[in-house]
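Below you'll find the structure, written out as structure tokens, and then a few comments.
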Amino acid sequence: QVQLEESGGGSVQAGGSLRLSCAASGDTSDTWETGWFRQISGKEREEIANINEYGTPWYDSSVKGRFTISQDNAKTIVYLQMNRVRVEDTAMYYCAARPYGILFSQSGASWGKGTQVTVSS
């Protein structure tokens, strides 16, 4: 099982930048894809970006062009660079990792505990 820990959250003004990190430990050899999710208070958790073993990224339309997902060479840290943040980006941000053939929502995926991002106007 992979253990994940998010960091880098905090408070930022609208238009500013923040970089989140997701550090993986344990057996990461089976990790196929790592994703960033966020949950706005009172709403369901939504996937906003992911990156696979080959480094191919995907973005939700709400963050495309503003956020960038990347991973280090060892593929043990996944970053989410957040630029031009908006008040509506305020949420708890989570990272998750899954093996090939397993959905993030299924048993076998790993989740971190989250890091809060608050954007003020």
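For this chain, numbers begin at 1 and follow the sequence in order.
- Between Phe37 and Ile48, every side-chain heavy-atom pair lies at or beyond the 4.5 Å cut-off.
- Contact check on Lys113 versus Glu5 returns no salt bridge, with no Lys/Arg side-chain nitrogen under 4.0 Å from an Asp/Glu carboxylate oxygen.
- A donor-acceptor contact shorter than 3.5 Å is absent between the side chain of Gln39 and the backbone of Met92.
- Put simply, the side chain of Leu18 reaches to within 4.5 Å of the side chain of Val117, judged on heavy atoms.
- By the 6.0 Å and 45° rule, Arg45 stacks over the aromatic ring of Trp111.
- Listed here is the closest heavy atom pair of Ile40 and Ala91: CG1-CB, 3.8 Å.
- Nearest heavy atoms, Ala14 versus Ser121: CB-CA, 4.4 Å.
- Put simply, CD1 on Ile51 and SG on Cys95 are 13.0 Å apart, with the number rounded to the nearest 0.5 Å.
- The shortest distance between side-chain heavy atoms of Trp36 and Val78 falls below 4.5 Å.
- Remark: side-chain polar atoms of Thr115 are paired, donor with acceptor, to backbone N or O of Gly9 under 3.5 angstrom.
- Take Tyr59 and apply the ring-ring contact (aromatic ring centres under 6.0 Å, His included) test, not counting sequence neighbours, and it matches no residue.
- Of all heavy-atom pairs between Ala109 and Leu103, the closest is CB-O, 3.7 Å.
- Looking only at distances, a side-chain donor or acceptor of Arg66 sits under 3.5 Å from a matching main-chain atom of Arg84.
- The shortest distance between side-chain heavy atoms of Thr31 and Val2 falls below 4.5 Å.
- Inter-residue side-chain proximity for Gln81 and Phe67 is flagged as unmet; no heavy-atom pair is nearer than 4.5 Å.
- Asp89 CG to Ser62 OG: the interatomic distance, rounded to the nearest 0.5 Å, is 7.5 Å.
- Of all heavy-atom pairs spanning Thr34 and Ala97, the tightest one is OG1-CB, 4.1 Å.
- Using a 4.5 Å heavy-atom threshold, the side chains of Met82 and Tyr93 count as touching.
- Residue Ile102 holds its CD1 atom at 12.5 Å from CD of Glu33, rounded to the nearest 0.5 Å.
- Remark: Gln106 CD is packed, more than 12 non-hydrogen atoms of other residues, nucleotides or ligands lying under 6.0 Å away.
- Scanning both residues, Leu4 and Ala24, for their nearest heavy atoms gives CD2-CB, 3.7 Å.
- Looking at Val63 and Arg38, their side chains come closer than 4.5 Å, going by heavy atoms from C-beta outward.
- Atom OG of Ser29 and atom NZ of Lys75 lie 12.0 Å apart (nearest 0.5 Å).
- Under the 3.5 Å distance criterion, the side-chain polar atoms of Gln71 are left unmatched by any main-chain donor or acceptor of Ile77.
- Looking at heavy atoms from C-beta onward, Pro99 lies out of side-chain contact with Trp32 at the 4.5 angstrom threshold.
- Expressed to the nearest 0.5 Å, how far CH2 of Trp58 lies from NZ of Lys64 amounts to 9.5 Å.
- The side chain to side chain donor-acceptor pair (under 3.5 Å) analysis of residues 10-20, with sequence neighbours excluded, yields the pairs Ser17-Asn83.
- For the residue pair Ser110 / Gln1, a side-chain donor-acceptor distance below 3.5 Å is found, with atom types taken as modelled.
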